[in-house]
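Small disclaimer: the values here were computed from a predicted structure and weren't measured.
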Amino acid sequence: MEDDFPILEDADDFEEDSDHSSYELPIISCKSKAKSIEDYAGAAGYVVRKEVLLEDVLKDHALHLLPAKALFRFKTVSRGWDRWISSPLFAHRQTTYFNNISGLFYQVNGRIPSFISFDPDACDVPVPSLNFLPEHVHVKTSSKGLLCCQSVGENVCYYICNPVTKEWKKLPEPTLYHGAQAAVVLVFEPNLVNFNESYELVCAVTSPDHPVVYFEIYSSRSSSWRVSDTVCCELDGLELHNGGYYLKGVVYWESLSGVILAFDLKDEEYGILPRPANGVQYGNGTLTVRHGELCYILPCYQDNVCTIYIYGNMDMSLKSVINLTYDAGITFGVCRALGFINDDILILALGVKVISYHVREDRVELIGTSKGGPCPTYVPYVNSLASVRHPLIRDNGLFF
């Protein structure tokens, strides 16, 4: 053992100089025994080997990246998988990681809702008509797997539901009168480290008697509505587009006056952005996100050519132009932009047909056909396990 440590040589001979100004430093010698091959070979006996099953690897590292419908099938793999997929902790994790648009709810005014799935085997919903809700509804907006619907009739009320799990909640009556054309946006941002996640419903309310826009916000954290002190008085045309858009803390709505109304949720301040016109009928364009930035897509169909103009930045300047090519089996008519998916796939409505245009591949694909009539409302949907009633947490951090 002693050979394994440094040896201090002549330590007893260490003495101070007479003038106490200098010292002789001890000589350090590093001597150690050389390790033999047998010594290193014996170290393997101290390594604990643990067999890792493929089932456990998939459960821990892959399941939360799948859509909800596919996960329900994987519950039959084992009791362990069934318990894990059914747990609130896994639902929270899957909601955080799975953000791919899975399909579109669409609805013609006065008809029941329907659903177009981008992958029916993996991303469909069990009840597209939403008849598990207690009354007929209009589909208004969605966010990360949660869907907001408005009741049909004079007494306006809202429902937040998850069409996959058929879980739903009726919101209390708002303070202001919203009406059937209320411009509402659902905001839900799940976070992996925040188990007590909440959502908000933001409504821009116009007044028929005054040229102003009020902002009323519902919070699931308090289960109540409140009217913001901020009031917008700058819009000439007060009618706002039904479907707004949320990105990075700001809610956006289109208006008939040719501008975009922006509302910052944190500071509760509003702003006005220009909306590209380009001589195209109102309602054909849409706000969306591409490469992490807000942009506006405006399609134009003329002389058998469909041109897609993409605007961006805060001044909504022209960023790019796409000349759409298509198969002979798909004919263009009234063209409406519905948004981008994964930055590279543009979703368009051509009359009652819904197509996807793959920008890099320059390829058009027919996704589905909407039924029930012309000009339906389209709402994108994410196939997730998001909980309408977020799970409560004990002081020790465990779900119950």
Test Y159 against every option in Q150, E135, K169 by the side-chain hydrogen bond (donor to acceptor under 3.5 Å, both in side chains) rule and name the one that passes.
E135
Do Y245 and V185 come close enough that some side-chain heavy atom pair is under 4.5 Å?
no
Which word best sums up how the rings of W225 and H178 line up, parallel for under 30°, tilted for 30 to 60°, or perpendicular for over 60°?
perpendicular
Which of parallel (below 30°), tilted (30 to 60°) and perpendicular (above 60°) describes Y381 and F115?
perpendicular
Non-hydrogen atoms of L240 and S255 that approach each other most closely:
CD2-CB, 3.6 Å
Should the heavy atoms of other residues, nucleotides or ligands under 6.0 Å from CG of D267 be counted, would the total exceed 12?
yes
Between the side chains of S320 and Y309, is a donor N or O closer than 3.5 angstrom to an acceptor N or O?
no
Using salt bridge (charged side-chain N to carboxylate O under 4.0 Å, His left out), reason through E293 and K248 one step at a time and then give a plain yes or no.
CA-CA 9 Å; E293 299 296 333; K248 298 179 181 179; 3.6 Å; yes
Mind telling me whether Y199 and F188 have parallel, tilted or perpendicular rings, with 30° and 60° as the class edges?
perpendicular
Considering residues, nucleotides and ligands other than F90, do more than 12 of their heavy atoms fall under 6.0 Å from its CZ?
yes
Spell out, as yes or no, whether a donor-acceptor pair under 3.5 Å connects the side chain of D124 to the backbone of K69.
no
Can you name the nearest heavy-atom pair linking Q107 to V139, along with the distance?
OE1-N, 2.8 Å
As a quick check of understanding, evaluate salt bridge (charged side-chain N to carboxylate O under 4.0 Å, His left out) for R290 and D343, giving each step before the final call.
CA-CA 5 Å; R290 191 183 189 198; D343 295 331; 5.6 Å; no
What I'd like to find out is whether the side chain of L130 reaches to under 4.5 Å of the side chain of L147, using heavy atoms alone.
yes
All heavy atoms of F263 vs all of W253, minimum pair found to be CB-CZ3, 3.9 Å
With R226 as reference, evaluate E216, E200, E268 under the salt bridge (charged side-chain N to carboxylate O under 4.0 Å, His left out) test and give the passing residue.
E268
